[in-house]
Amino acid sequence: MDREEVRAYVNQYCKLRDIQYAAYELHARKYNLTSKELFVLGIIWFAGDGCLQSEICERLSATKQTVSAIIKKFWKLGYLSLTEAENDRRNKIVRFTDAGREYAKDIIPPAASAEIDAMAELEGKDIIEMVRITTLFSNCMKKKFGEIKDK
């Protein structure tokens, strides 16, 4: 394919990605959250017995400052607890408090259910193919954006 043809597909793909991202944004706004805050809550929710702050950063490809600010907000509200990690005292284990679990239970499980229900409307082979192709594209994007020279 020539670059113009590829550009048209990039535009089409970006519109689809934006539709997905807007769904998260709209759900987050119902609870006066940003989508990043929603994603942080979701990661902690499904982590079970907590997760490291560094794991949240890695998962979201977010800076430590961004994740720290989000965690601090929910910590001040009494929704999260922070415990020093045994092997690295600078890294914190983030967990829901009882109040946090109560707060998040009406936000995260419905969003997760919507994701599962949406994907379940696809056939199994299409789900597998979508994940396979998205993985390839995501890895290429990471590589190509990493090759952009800083000014």
Side-chain angles (χ1 to χ4, degrees), residues 1-77 79-80 82 85 88 90-96 100-101 103-151:
M1 265 186 238
D2 67 29
R3 289 186 69 79
E4 280 306 308
E5 205 173 354
V6 172
R7 165 54 54 207
Y9 282 112
V10 167
N11 288 340
Q12 188 177 355
Y13 180 85
C14 288
K15 286 178 186 176
L16 296 171
R17 181 202 58 215
D18 294 344
I19 289 168
Q20 291 177 21
Y21 195 77
Y24 291 111
E25 278 289 331
L26 289 171
H27 183 69
R29 275 193 229 140
K30 291 178 190 176
Y31 301 95
N32 294 315
L33 299 171
T34 65
S35 58
K36 275 267 203 256
E37 291 170 339
L38 177 73
F39 296 151
V40 168
L41 291 176
I43 291 167
I44 298 165
W45 182 270
F46 289 106
D49 191 33
C51 60
L52 294 173
Q53 193 169 333
S54 60
E55 292 171 339
I56 298 170
C57 294
E58 186 178 324
R59 168 85 184 272
L60 293 178
S61 297
T63 64
K64 185 177 179 183
Q65 292 81 4
T66 298
V67 172
S68 291
I70 292 169
I71 289 170
K72 186 176 182 180
K73 171 188 172 176
F74 292 118
W75 176 77
K76 283 183 174 180
L77 291 169
Y79 295 157
L80 298 177
L82 301 171
D88 182 359
R90 294 169 299 162
N91 210 348
K92 305 285 187 242
I93 300 170
V94 185
R95 292 181 179 92
F96 278 114
R101 189 157 284 287
Y103 169 74
K105 77 175 174 48
D106 294 327
I107 301 170
I108 302 306
S113 184
E115 290 171 323
I116 292 167
D117 291 347
M119 194 171 283
E121 290 191 18
L122 304 176
E123 292 191 27
K125 64 180 176 48
D126 293 331
I127 293 170
I128 292 165
E129 184 67 359
M130 179 182 68
V131 171
R132 186 185 75 76
I133 296 293
T134 303
T135 300
L136 289 172
F137 182 62
S138 297
N139 290 337
C140 289
M141 286 282 290
K142 185 176 179 178
K143 178 183 173 208
K144 292 299 180 182
F145 272 81
E147 292 172 357
I148 296 173
K149 304 248 186 284
D150 294 339
K151 282 191 170 194

When rounded to the nearest 0.5 angstrom, what is the spacing between OG in S113 and CD1 in I108?
12.5 Å
Non-hydrogen atoms of C51 and I44 that approach each other most closely
SG-CG1, 4.1 Å
Partners meeting ring pair (Phe, Tyr, Trp, His ring centres under 6.0 Å) with F46 (sequence neighbours left out):
none
Examine distances only and state if a side-chain atom of T135 and a backbone atom of V131 form a donor-acceptor pair shorter than 3.5 Å.
yes
What class does the angle between the rings of Y103 and F74 fall in, given that below 30° is parallel, 30 to 60° is tilted and above 60° is perpendicular?
tilted
Check: R3 and V6 side chains under 4.5 Å, non-hydrogen atoms:
no
Please find the pair of heavy atoms, one from G48 and one from R101, that lie closest to each other, and give the distance.
O-NH2, 4.1 Å
Interatomic distance, OG1@T34 vs NZ@K73, rounded to 0.5 Å, equals 6.5 Å
With a 3.5 Å distance limit and no angle check, can you tell me whether Y31 reaches the backbone of D106 through a side-chain donor-acceptor pair?
yes
Output a table of donor-acceptor pairs, distance under 3.5 Å, between side-chain atoms of residues 11-21 and any protein atom two or more places apart or on a different chain; print 'none' if there are none.
from	atom 1	to	atom 2	distance (Å)
N11	OD1	R7	NH1	3.1
Y21	OH	S35	OG	2.6

Over all atoms of both residues, closest heavy-atom pair of A104 and P109:
O-CD, 3.5 Å
Residues in side-chain hydrogen bond (donor to acceptor under 3.5 Å, both in side chains) with K30, at least two apart?
none
Identify every side-chain donor-acceptor pair in residues 57-66 under 3.5 Å, counting partners at least two apart or on other chains, and give the distances.
from	atom 1	to	atom 2	distance (Å)
T63	OG1	T66	N	3.1
T63	OG1	T66	OG1	2.8

Would you please test L52 and I93 for side chain to side chain contact (heavy atoms under 4.5 Å, CB included) and show each step?
CA-CA 4 Å; L52 294 173; I93 300 170; 3.7 Å; yes
Could you go through the side chain to side chain contact (heavy atoms under 4.5 Å, CB included) check for L33 and L41 one step at a time?
CA-CA 10 Å; L33 299 171; L41 291 176; 3.9 Å; yes
Please list, one pair per line, the donor and acceptor atoms closer than 3.5 Å that link side chains of residues 118-130 to other protein atoms, with sequence neighbours excluded.
from	atom 1	to	atom 2	distance (Å)
E129	OE1	R132	NE	3.1
E129	OE2	R132	NH2	2.9

List the atom of I71, the atom of Q53, and the distance in Å for their closest heavy-atom pair.
CD1-CG, 3.6 Å
Determine, stepwise, if the pair L38 / E25 fulfils side chain to side chain contact (heavy atoms under 4.5 Å, CB included).
CA-CA 9 Å; L38 177 73; E25 278 289 331; over 6 Å; no
Before giving the answer on side chain to side chain contact (heavy atoms under 4.5 Å, CB included), spell out for V40 and E37 the whole-Å C-alpha distance, their side-chain angles and the decisive distance to 0.1 Å.
CA-CA 5 Å; V40 168; E37 291 170 339; 5.7 Å; no
Quick one: NZ on K144 to CZ on F137, what's the gap to the nearest 0.5 Å?
12.0 Å
List for me each residue that meets side-chain hydrogen bond (donor to acceptor under 3.5 Å, both in side chains) alongside D49, sequence neighbours excluded, and say none if there are none.
R95
Does E5 have more than 12 heavy atoms from other residues, nucleotides or ligands lying within 6.0 Å of its CD?
yes
